[in-house]
Amino acid sequence: MLETRSLAARRGFATLFQGLGFALAAGEALVVSGPNGCGKTTLLRMLAGLSAPAEGEICWDGASVRPFDAKLREAVAFNGHLPALKDELTAFENLAAWTTLENERADAQAIDRALADVALARRARIPARALSQGQRRRIGLARLSLSRRRLWILDEPLTALDSDGVEVLETLLAAHLEGGGLVVAASHQALPVPTANLRPLDLATVPGGSHG
Amino acid sequence: MLETRSLAARRGFATLFQGLGFALAAGEALVVSGPNGCGKTTLLRMLAGLSAPAEGEICWDGASVRPFDAKLREAVAFNGHLPALKDELTAFENLAAWTTLENERADAQAIDRALADVALARRARIPARALSQGQRRRIGLARLSLSRRRLWILDEPLTALDSDGVEVLETLLAAHLEGGGLVVAASHQALPVPTANLRPLDLATVPGGSHG
Amino acid sequence: MKARYRRFAWIGLGLAAVGIAVALVLSAFRSNLVFFFTPSQVVAHEVPQSRPFRVGGLVEAGSLTREPNSLTVRFRVTDTAKTIPVTYTGLLPDLFKEGKGVVAQGRMGPDGAFHATEVLAKHDENYMPPEARSAIEQAQKGPETMPSLHEARAR
Amino acid sequence: MSPTAVPQPDAASVSAAFAWALGRDLRIALRSKAELGVQLMFYVIVVSLFPLASSPSREVLATLGPGVLWTAALLASLLSLPRLFAADFGDGTLEQIALSPRPLPALVSGKMAAHWLTTGLPVAVLAPLLGEQYAMDGTELWILAAALLLGTPILSLLGAIGATLTLGARGGGSLLALLVLPLYAPVLIFGAGAVDAVRSGLSAGPQLSLLAAGLLLALVGTPFAVAAAVRIALD
Amino acid sequence: MSPTAVPQPDAASVSAAFAWALGRDLRIALRSKAELGVQLMFYVIVVSLFPLASSPSREVLATLGPGVLWTAALLASLLSLPRLFAADFGDGTLEQIALSPRPLPALVSGKMAAHWLTTGLPVAVLAPLLGEQYAMDGTELWILAAALLLGTPILSLLGAIGATLTLGARGGGSLLALLVLPLYAPVLIFGAGAVDAVRSGLSAGPQLSLLAAGLLLALVGTPFAVAAAVRIALD
Amino acid sequence: MIVNWYRYSSPISFYPLAGRLARVFGVLAVVFTLAGLYIGLIVAPTDATQGDAYRIIFLHVPTAWMAMFIYLVMAFWSALALGFNTRLSAMMAQALAPTGALMAALALWSGAFWGRPTWGTYWAWDARMTSTLILLFLYLGIIALRNAIDDPRRADRACALLALVGAVNVPIIYFSVQWWNTLHQGSSISLTAAPKMAMTMLEGLLVMTAGVWSYCIAVTLARVRAIIVERERGAGWVASLIAPQGAR
Ligand code: HEM
Ligand SMILES: Nc1ncnc2c1ncn2[C@@H]1O[C@H](COP(=O)(O)OP(=O)(O)OP(=O)(O)O)[C@@H](O)[C@H]1O
Ligand SMILES: Nc1ncnc2c1ncn2[C@@H]1O[C@H](COP(=O)(O)OP(=O)(O)OP(=O)(O)O)[C@@H](O)[C@H]1O
Ligand SMILES: [Mg+2]
Ligand SMILES: [Mg+2]
């Protein structure tokens with residue numbers, strides 16, 4: 001499904017990684033690890049189609065894709081460092097706006113259920129500005145639970161989550177992988193992914209890197 | 001040193017916690033845990049003197065302190081969710097500005113050494129904008145290593161840190177506590193603090209809370 | 001101890017600044033911050049030559065004349081020391097009275113007269129019924145008033 | 001939650017995308033209850049500033065009228081430009097918008113439309129009322145309103161290009177102003193010119209048709225330019 | 001690294017705190033090399049816009065001159081205000097500043113001084129050059145420069161109050177404008193009035209001394225008001 | 001006495017008191033205004049110079065006075081709110097702002113309509129008019145700032161600070177006629193000199209002033225009650241207050 005060939009990333013005069021190639025099949029989760037600054041975020045943004053690789057190519061469903069490729073845009077759900085929440089809108093409104101943008105058919109009940117699943121039922125109607133760090137991240141989880149995208153790209157999904165939140169993520173990931181979805185995630189901690197589906201990638205071992 | 005009496009926090013119409021009292025002596029680390037949105041960040045900001053409690057009082061060195069109390073300001077080092085980095089300035093300049101602001105005597109060598117200690121030697125001279133998430137947090141660690149403040153208040157200090165980063169934090173905390181410093185930290189993961197110095201506080205068990 | 005002296009120094013500096021500021025304000029108000037020029041200034045050529053300005057003063061008693069079949073009026077504005085002629089075409093405000101205050105906007109014409117584009121009446125702070133006024137005027141033998149154009153038409 | 005690739009209902013629908021962005025931005029704008037009022041107040045204040053600063057002869061005021069009313073409209077548009085994309089860029093929403101399957105030009109068009117509805121339209125409606133202050137008469141006021149209705153959307157459209165190009169650049173606000181003001185100048189000239197023309201007894205036709213032409217061109221061109229600029233900004 | 005309370009060298013020193021904030025903000029401003037140029041370009045463009053919009057009869061231009069030059073200075077100051085504190089607030093620097101042992105009024109004064117040096121001063125220097133365009137002569141230009149030198153710091157000071165009060169509030173830019181413009185109005189009136197006075201053959205003395213008085217009062221009062229507003233914003 | 005005041009400085013005990021006072025002043029407002037209008041429009045003679053146009057005075061002067069006075073009161077409550085962190089004073093300041101804005105707007109509007117027949121223009125940029133306009137903008141700015149901040153406690157303090165900063169404007173308005181030689185007339189009524197106004201006119205003016213004054217007090221107290229209910233709806237006593245009506 002998702003494949004890369006001799007991918008390279010450069011920032012300034014530093015090469016973060018090069019010659020990176022992997023293939024990820026349906027139901028598999030690529031968990032990228034590596035020291036701070038080794039290029040995990042950079043890699044994830046490339047795979048999401050947000051930025052162009054310095055070298056190499058990315059293939060999705062067998063076809064080589066360039067940044068903002070239409071096919072890729074239909075398939076990918078990207079949860080980056082930034083929460084993409086509008087402080088003025090409530091959690092409910094934020095989530096509703098997202099699902100509409102992503103073209104998911106989700107009615108008010110579904111959205112309320114998704115928020116309840118991440119224990120935000122009682123905070124669904126206050127402006128997102130007032131939410132705590134973890135509550136903001138949980139809205140991202142709720143979004144994933146409503147998403148029917150095939151490829152989830154998650155940058156440090158555990159940030160600010162308490163143990164309940166981690167459990168929610170675990171359920172989501174398991175269901176997604178089971179349904180044939182793909183996951184690419186960067187994390188410094190072990191991700192709650194069934195070992196059968198786990199494809200670890202340690203960026204520190206990829207050649208060309210010069211970190212720190 | 002740091003003491004609170006029947007502290008309460010209210011946000012909107014919700015009481016986050018009330019009747020919170022504890023006393024923290026030199027060399028002790030209060031590690032606050034609890035589910036998302038239970039008020040950890042709120043508590044830490046109160047202790048740092050950034051916001052006023054709804055009820056109760058905070059005492060530092062035996063004297064009751066109000067927000068922005070001069071004594072407290074001389075003693076506290078606060079590392080919150082926000083990195084307090086200027087994207088335009090380099091890591092070196094950011095750190096230098098901080099230490100001057102805090103009135104620490106640190107010359108260029110000391111700053112370079114502190115940056116090297118957090119493995120940022122090779123990134124010390126590029127704008128902070130270009131740094132990775134973890135590298136940005138590491139500048140915060142470097143700042144702590146230069147600080148002679150007695151009370152460290154750290155909100156989720158492990159965020160975005162790789163295992164090396166966690167080790168650096170561990171060394172810093174150990175040295176600080178050994179020297180008679182105090183630490184208040186909020187975290188969802190176990191913090192690398194010697195158990196002898198650890199005072200855990202689970203906010204979920206404090207009465208009055210109504211979380212979620 | 002040293003810190004305390006420094007503190008006093010700053011407070012002293014602040015007070016000094018406030019003192020100077022007050023002095024400056026008072027001196028500013030003693031000189032003229034004008035909304036309009038007086039006829040004396042006009043005569044002394046203390047007014048802009050190339051652009052419009054305002055003239056203020058009293059309408060000289062008995063100076064108001066009208067050109068027949070037009071709205072053009074001529075009158076003289078005085079500050080009791082000096083007097084200048086003014087011409088204006090248009091409706092005068094109700095309160096325009098000989099012997100009363102007026103502010104005219106316009107510029108000096110080549111004929112030495114002030115050509116007004118706008119005439120504003122400036123009145124005093126006295127309010128009284130007409131009987132009281134005429135009683136006072138009788139007592140003072142004040143200048144007789146001419147009806148303004150507006151009032152004349154209203155009759 | 002099943003990750004099978006369901007054929008998406010109206011993925012390509014331009015109007016749905018437009019409506020989404022428009023609705024969302026309007027909702028955010030109206031959420032700050034005072035927002036619209038503040039915009040209008042700003043306009044009123046700027047329009048009233050000029051007489052304060054220059055000597056307020058009625059004659060000069062009349063000459064100034066169209067220029068001041070237009071320049072203030074332009075500044076109101078300019079001042080609200082940074083918010084147009086910078087907020088979305090800063091909080092990651094722009095990433096999500098650019099990654100969505102919906103057509104990006106339609107999405108950014110919705111945002112630009114919301115910007116016009118919250119800044120340009122109120123100004124166009126208010127200006128004739130303020131025009132009275134500047135001794136403008138009936139026809140002049142109508143022409144003023146017409147010119148503003150045609151011109152302010154151009155301001156929002158051209159401004160959006162500047163706003164996206166300066167995303168993530170240093171020097172934010174003033175760099176944006178520098179980029180955008182030269183683009184605004186022709187709109188200002190023809191817009192103020194239209195009122196001047198009727199005041200001089202001429203027809204405002206030429207100026208208005210030029211504005212209309214400009215608007216049509218901008219409507220066709222800018223969505224794509226802005227979409228391209230958004231993608232560049234995210235790279 | 002030892003956490004014993006070493007007596008700190010000059011934590012209470014006002015001038016050191018001022019210098020720190022001033023130096024830091026100037027460095028950031030100069031880091032974006034284009035910054036200063038952009039400010040000046042903005043000023044030049046706005047000043048040149050007015051003749052474009054209204055019919056540029058020479059006589060009208062002469063009347064407009066002081067008003068336009070002052071209004072543009074005011075807008076340049078206004079446009080750059082959001083940056084003054086919002087960036088520091090957004091990235092957490094303001095928290096650190098407010099928590100530092102150094103006196104907060106001195107720290108914010110440094111920031112305000114940096115704002116003036118990067119926006120007010122260049123404008124005051126440039127304005128006399130632009131004044132020629134508006135048919136202003138030697139004395140008038142000098143008085144213009146003097147009035148701007150006295151007035152623009154007041155703009156930076158008063159503006160800072162508005163900028164801190166609107167931190168974290170919705171409706172950013174235009175709300176700020178609404179709060180700040182009424183406070184700016186007297187400066188504008190006396191500033192433009194000074195030039196008008198000399199043009200009319202009068203002395204600009206009263207206006208200039210009022211500006212000076214305003215500056216002194218603002219210098220004494222605003223640091224404390226801004227410091228209080230910063231603390232309110234962080235609560 | 002002092003104890004009494006202290007007791008009423010908490011919203012709970014102030015709420016019922018405000019209700020009673022609001023009713024009393026509401027009635028007073030109606031009575032005074034009707035009487036004032038009767039005196040002003042029917043009893044008072046025409047003016048020697050201005051004819052009947054001067055009767056705008058009965059709206060203009062009371063509102064102009066109130067516009068300035070309310071600002072001072074608001075600044076006073078704001079100072080209390082900032083200094084002592086009392087909730088009720090911040091609520092008072094919040095409740096005063098819209099009424100002050102209304103008064104400033106009425107003074108401007110009535111002044112402009114008075115200026116047309118008397119001076120010959122609706123508007124001239126003289127000192128008093130300009131500074132009254134600025135006063136209106138200050139009121140609007142305070143209202144806008146309040147609406148723009150989510151957290152009511154923070155909004156309280158921010159608005160209080162702004163009100164205090166803006167208070168500089170009030171003396172400027174008041175003394176502007178003395179400092180500048182402007183178009184606007186000087187004072188007809190002052191505490192130190194005999195009124196330069198016929199007695200009946202003065203009576204009408206004072207009765208109207210009392211009416212406007214009572215109106216402002218009544219409206220402000222009613223608004224404070226609404227604000228208390230809105231802000232404290234989490235607290236038990238408010239809940240029991242609104243529960244019987246089945247609200248929310
Ligand atoms: C828009 C224009 C006007 C504004 C903004 C305005 C503003 C004010 C203000 C703020 C006051 C209260 C000042 C004080 O108590 O000393 C006032 C008082 C007054 N105004 Fe006006 N005014 C305007 C037009 C007029 C006009 C056209 C007239 C009459 C021809 C007028 C007559 C008065 C009188 C009689 C007082 C009472 C003065 C006293 O005895 O204290 N005003 N005005
Ligand atoms: N206006 C409001 N109305 C209701 N609840 C509010 C309001 N403002 C803030 N809150 C709540 O106050 C809490 C703030 O909590 P805080 O940020 O201290 O949590 P935390 O313990 O740090 O959580 P996390 O682990 O997610 O960082 C949140 O639960 C938030 O939803
Ligand atoms: N202009 C530049 N010059 C040199 N290095 C740069 C430049 N821009 C970015 N970099 C480096 O590129 C890397 C970006 O890495 P990225 O953000 O992908 O790291 P990451 O693996 O996600 O790290 P983290 O675990 O901290 O999130 C960083 O090491 C950063 O220092
Ligand atoms: Mg990363
Ligand atoms: Mg938190």
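Heavy atoms only: backbone and side chains are in, while hydrogens, waters and symmetry mates are out. Here is how names work: the chains are called A, B, and so on, in the same order as the sequence lines, proteins then strands, and each is numbered from 1.
The two residues E:Pro182 and F:Ile134 have their closest heavy-atom pair at O-CG2, 3.7 Å. Listed here is the closest heavy atom pair of E:Leu165 and F:Ala158: CD2-O, 3.5 Å. In plain terms, the two heavy atoms of F:Gly141 and E:Leu179 that are nearest each other are O-CD2, 3.3 Å. A pairwise comparison of heavy atoms in E:Leu175 and F:Ala148 identifies CD2-CB, 3.5 Å as the closest pair. For F:Arg157 against E:Asp235, the heavy-atom pair with the smallest separation is NH2-OD2, 3.1 Å.
For a residue to count as touching a neighbouring chain, one of its non-hydrogen atoms must lie under 4.5 Å from one of that chain's; by this rule E:Ile232 touches chain F with backbone and side chain alike. There is no contact between E:Leu181 and chain F, counting heavy-atom distances below 4.5 Å. Only the side chain of F:Leu82 comes within less than 4.5 Å of a heavy atom of chain E; its backbone N, CA, C and O stay farther away.
In this structure, the separation between OG1 on F:Thr130 and CD1 on E:Ile189 is 5.0 Å, given to the nearest 0.5 Å.
Other residues, nucleotides and ligands contribute over 12 non-hydrogen atoms within 6.0 Å of the CH2 atom of F:Trp65.
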Between F:Leu138 and E:Leu183, is a side-chain contact (heavy atoms from CB on, under 4.5 Å) present by the stated rule, with each step listed?
-> CA-CA 8 Å; F:Leu138 280 173; E:Leu183 300 177; 4.2 Å; yes
